[in-house]
Amino acid sequence: MAGGASSSEDERPLSKTVAGQGRANGESSKKPASKQTKNGDAKANGKEKKGKSAAPAPGSSDLSEEEEKSAASSSSEDEKPLAKVVPKKKQPAASGSTPKTAATKKGGKKGAKSESEDEEEDVKPKVGKNGKATTTAKRGKKAKDEDEEDVKPDVKAKGKGRAKKEEEGDEDELFKWWEAENNDGSVKWTTLEHNGVMFPPAYVRLPSNIKMKYDGTPLTLDPEPEEVAGFFAALLETEHAADKTFQANFFRDWLKLLKDHPPAEGIKVKDFNKCDFRPMFEYFELQKEKKKQMTAAEKKQAKAEREEIEKPYLIATIDGRKEKVGNFRVEPPGLFRGRGEHPKKGTFKYRLNPEDIVINIAESAPVPVPNIPGSWKEVVHDNTVTWLAHWKENVNGNSKYVFLSAGSTWKGQSDRQKFEKAKKLQQYVDVIRKDYTAELKSKIMADRQRATAMYLIDRLALRAGNEKGEEEADTVGCCSLRLEHVTLIPPCTIELRFLGKDSIMYEQEVEVDPQVFKNIKIFKADPKTPEDDLFDRLTTSGLNKHLGSYMEGLTAKVFRTYNASYTFQDQLNQLTPAKGTVAEKIAAYNKANKEVAILCNHQKTVSRTHGDSMAKLGDKLLAIKYQRMRLRYTLFNVDPKMKKKHPELVDLESDLEDDFFQRHETSLLETNIDKAKKKFEKENAKLQEEGQKPQKESVLNERIDKIKEENVEMIKERKAKKVEAPARGADADKILANIKKLDDRIETSKVSIEDRESNKTVALSTSK
DNA sequence: AGCGGAACTTAGCATTCCAGGA
DNA sequence: TCCTGGAATGCTAAGTTCCGCT
């Protein structure tokens, strides 16, 4: 079997293409390679985004050789076969329950394929599908009228299903099925009422004295360009504004607006570098400051007003239940903040109007009235989906939806289903692992790739990795890994280094199964270039189809959920002290959570203030030590015998250096003087209130002088290593107790510093 | 088979809220 | 009481998956 099957199998794929020309074409057809500038031409010829199965590949034969050499076990390698025959098409793993079967089946399968899979259980799912499909189709066409009359969604759906399918007869039965099955994903609601979406307030013009400048001249702008300039100005001190792509896209769109709305001064804006948005920025900052200064009462009132306005949008009624709506505010206009090297970042995202929004609501429900003039683009009644409103955003052409909030029944149920699926995977995971381990040696290249990918997904919790378009940031997941992302470190270690979702860097060195190592070596073998796909015969849909054959609904991402949950539980078990305090248990929980975050590579960028705040923490720690040092000196002064009694106290704080002493002593002096001044002012204010005369300036000066003297004294004491005991508290035991207290504070402080440092890039909330 | 669109989930960044410490 | 930092929440970008079409 192997022979036949494999040969047929192989051909199809063949790796993408050889380096140059193939992809160049591909690319050009699509788009002028604006892609990441990173390695411009490499990309141009290196990467061909879509077709994995593209051209016949010369490379295959090489592979086989390599493989033969390296892998005795897999004797007949079929790499070769791949190269030769080209008869069939590819059929990635199909439904066989075990890899082997799958392989065999494949060949013969194609004709029958779809049926065998869905066939039996299909009955009901099919209905569901049809229902949905039809509805959608209908909507697209706007055929809405036809069935519209059927009040009941179910009925409607049924009708369609029927139309599409052949059967008929028992409508009633079908009807019930719908009812009963509504968890199968087709019908989501019977009644749906809500108040639509909330549009942001119209643009408010800046005061006429606030103007950006061009080449030094203030420009008077129409509202449209002024608003967009303001979007940029607001980001002036963020890295967005410093980003070249962001600047270029913003400037291009802004110029477009200026074309129709030239500045009153008649100046032609051409050069971004001559633009000075600072006056606008400063105005915004001022506004922010004002907002902060509002009294608590004012803030409260503003909040109450806001809440009053959004009240109607908060709740939707579904089948009689009240449910919270999630993002009922439509996205305000702004500059697109794409992450990483997104080619479109900085692009102007338009303001939305009712004419952009499609509303989904029960027919029986009143159609909401927009809070700004205009009428909805469309009102639909699709009970097979859970969105309440939908629109298309102009920057990337992506669809945006208004859904219920995370706490709603719909989201909650689907969340639970997710975990149930992950739990169910537990029952299958052993078999799956066994199978892919065996398949690592498969003669069928496609299967071998799939097995290798599964290994990575399972072991490293990688994401599936769909192909992406040219107009997006260049990021990858497992199936879209390229050769350049994997480095082999003999004997059995691989280094993975790539930008994943959100352009977060994934960087790991892991020891892998020798066969995995060998496979990757084969996949990387010669005629390929660094920009070629590592798994050139694997797609996410192929992979998921294979996974689905083990367990209904099993897909690549379930492994992430599964492994995250497993790791969490496992760590929890290991770390939780049998009978610990609550604090210890919480610590265990946090630690386990952190492990998960690391596994899933959840990261955050280190905050801009991280460095500063760490330095502050460091100084705080040193300040405590300084205090302790003084206490020690006091102690030894009060009772010299203590030196013998507590030798461990004699030489502490060795990390306190002159540099710090000066800084600390100066800052102490400053803060003390500051405090004195404030106190003085307060006292005077009070006196004044009581109708008395304020104290003289000289009172304050005296106090300040005193502080200065004390400070000098303190420095002297430090140098002399001898501190006079205060009148009270000269008791050695008390001093010792105080030292102990400081020790504890030092400890806590140290721990929190380490903690903060080690967590600076780990995003802990995601996995929570 | 592969593409593209629809519908949802996932996740980082920004902002707001809140509690604990100087 | 004010400040600060961390948690909670809001926002929306960026993924995955499924499905129908060609």
Side-chain angles (χ1 to χ4, degrees), chain A residues 12-13 49-54 88-92 110 129-130 132-134 136-137 139-140 185 188 235 238-240 288 299 303 326-332 334 336-340 342 344-345 349 360 382 384-387 390 392-393 395-401 403-406 410-411 414-415 417-418 463-469 472-473 475-477 479-480 500-504 539-545 547-548 553 555-558 560-561 597 600-605 607-610 613 616-617 620 623 671 675 678 745 752 755-756 759 763-768:
Chain A
R12 62 184 54 100
K49 283 257 137 137
K50 304 244 150 151
K52 293 223 171 194
S53 57
K88 316 208 129 199
K89 57 253 322 302
K90 150 178 257 168
Q91 185 113 20
K110 54 161 18 310
K129 279 173 204 161
N130 289 343
K132 176 168 196 174
T134 10
T136 335
R139 167 149 327 98
K188 306 289 184 7
L235 300 174
T238 68
E239 27 194 272
H240 292 120
K288 259 191 234 165
K299 278 184 194 165
K303 196 177 174 194
N327 51 327
F328 54 84
R329 264 178 275 259
V330 302
E331 295 177 13
F336 174 67
R337 277 131 119 130
R339 316 227 174 104
H342 194 120
K344 294 197 173 177
K345 57 182 165 180
K349 184 167 77 174
N360 188 30
D382 187 350
T384 66
V385 296
T386 66
W387 53 266
H390 157 253
K392 201 154 234 178
E393 152 266 333
V395 178
N396 296 293
N398 290 334
S399 286
K400 297 293 183 112
Y401 297 87
F403 292 116
L404 294 187
S405 77
W410 283 339
K411 297 297 181 191
S414 110
D415 208 42
Q417 265 177 24
K418 174 182 77 182
R463 295 188 180 82
N466 289 297
E467 294 291 337
K468 294 185 72 185
E472 305 171 84
T475 62
V476 300
C479 296
S480 48
K501 181 179 179 183
D502 296 306
S503 293
I504 296 293
T539 62
T540 51
S541 64
L543 176 65
N544 282 340
K545 203 164 169 198
L547 291 173
T555 60
K557 75 177 194 151
V558 179
R560 250 172 99 79
T561 313
C600 293
N601 203 38
H602 290 151
Q603 292 189 15
K604 63 187 179 198
T605 54
S607 80
R608 232 183 327 164
T609 56
H610 177 78
S613 79
K616 239 188 235 167
L617 279 183
K620 232 188 218 169
T671 54
K675 263 189 212 159
K678 272 199 185 135
R745 276 178 63 193
S752 89
D755 215 50
R756 190 101 76 85
N759 281 346
L764 296 171
S765 49
T766 311
S767 38
K768 243 177 219 175

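The sequence lines fix the lettering, A, B, ..., with proteins before strands; numbering per chain opens at 1. This structure is a prediction, so every number in the text was calculated from the model and none was measured.
Residues Asp382(A) and His390(A) form no side-chain contact, since every pair of their non-hydrogen atoms from C-beta on lies 4.5 Å or further apart.
Close to dA6(B), at under 4.0 Å from its OP1 or OP2, lies a side-chain N or O of Lys392(A). Close to dT10(B), at under 4.0 Å from its OP1 or OP2, lies a side-chain N or O of Lys557(A). Lys545(A) has no side-chain polar atom (N or O) that falls below the 4.0 Å cut-off from OP1 or OP2 of dC19(C). OP1 or OP2 of dT17(C) has at least one side-chain nitrogen or oxygen of Thr555(A) nearer than 4.0 Å. When the side-chain nitrogen and oxygen atoms of Asn327(A) are compared with OP1 and OP2 of dC11(C), none of them lie within a distance under 4.0 Å. At least one side-chain nitrogen or oxygen of Thr386(A) sits closer than 4.0 Å to the OP1 or OP2 atom of dC8(B). Checking the phosphate oxygens (OP1, OP2) of dT17(C), no side-chain nitrogen or oxygen of Thr540(A) falls inside 4.0 Å. Between Lys468(A) and dG15(C) there is a side-chain polar atom (N or O) within less than 4.0 angstrom of OP1 or OP2. The side chain of Ser414(A) places an N or O atom within less than 4.0 Å of a non-bridging phosphate oxygen (OP1 or OP2) of dT9(B).
When all heavy atoms of Cys479(A) and Gly465(A) are compared, the closest pair comes out as CB-O, 3.5 Å. In plain terms, the two heavy atoms of Phe403(A) and Asn327(A) that are nearest each other are N-OD1, 3.2 Å. Taking both residues in full, the closest heavy atoms of Val385(A) and Asn360(A) are given as CG2-ND2, 3.4 Å, listed atom of the first, atom of the second, then distance. Smallest separation of non-hydrogen atoms from Lys344(A) and Val395(A): NZ-O, 3.0 Å.
The side chain of Asp382(A) approaches dA7(B) more closely than any other nucleotide in the set dA6(B), dA7(B), dT16(C). Considering only side-chain atoms of Arg329(A), the nucleotide from dT16(C), dT12(C), dC11(C) that sits closest is dC11(C). With distances taken from any side-chain atom of Arg560(A) to the nucleotides dA11(B), dA7(B), dA6(B), the minimum falls on dA11(B). Ranking dT17(C), dT10(B), dA11(B) by closeness to the Asp502(A) side chain, first place goes to dA11(B). Checked against dT9(B), dA14(B), dC8(B), the side chain of Arg337(A) finds its nearest nucleotide in dA14(B).
Backbone-only contact: Asn544(A) has heavy atoms under 4.0 Å from sugar-phosphate atoms and none from a base. Contact annotation for Arg339(A): base contact, defined as any heavy-atom pair under 4.0 Å involving a base atom. Backbone-only engagement by Phe336(A) is indicated by non-hydrogen atom pairs under 4.0 Å involving sugar-phosphate atoms exclusively. Within the nucleic acid shown, Lys345(A) has no heavy atom closer than 4.0 Å to any nucleic acid atom. Among the protein residues, Lys303(A) comes within range of the sugar-phosphate backbone only, with heavy atoms under 4.0 Å from sugar or phosphate atoms but none that close to a base. Contact annotation for Gly500(A): backbone-only contact, meaning every heavy-atom pair under 4.0 Å involves sugar-phosphate atoms and none involves a base. Among the atoms of the strands shown, none is found under 4.0 Å from any heavy atom of Gly326(A).
Place Thr561(A) and His390(A) on DNA chain B by their nearest nucleotides, and His390(A) ends up nearer the 5' end.
Glu331(A) places its CD atom 5 Å from the C1' atom of dT12(C), with the value rounded to the nearest Å. With rounding to whole Å, Lys400(A) atom NZ is found 14 Å from dG15(C) atom P. To the nearest angstrom, C1' of dA13(C) lies 9 Å from NE2 of His342(A). A straight line from CD of Glu239(A) to C1' of dC13(B) spans 11 Å, rounded to a whole angstrom. Rounded to whole Å, atom C1' of dG12(B) lies 11 Å from atom CZ of Arg463(A). For Asn398(A) and dC8(B), the CG to P distance is 16 Å, given to the nearest whole Å. Distance, Asn396(A) CG to dA13(C) C1': 9 Å, rounded to whole Å. Between Lys344(A) atom NZ and dT12(C) atom P there is a gap of 18 Å when expressed in whole angstrom units.
The one candidate from Arg463(A), Arg339(A), Lys468(A), His342(A) that meets the side-chain hydrogen bond (donor to acceptor under 3.5 Å, both in side chains) condition with Thr475(A) is Lys468(A).
Residue-to-nucleotide contacts include a donor-acceptor pair under 3.5 Å from the side chain of Lys501(A) to the base of dT10(B).
We find the CD-CG distance between Glu472(A) and Asn396(A) to be 7.0 Å, quoted to the nearest 0.5 Å.
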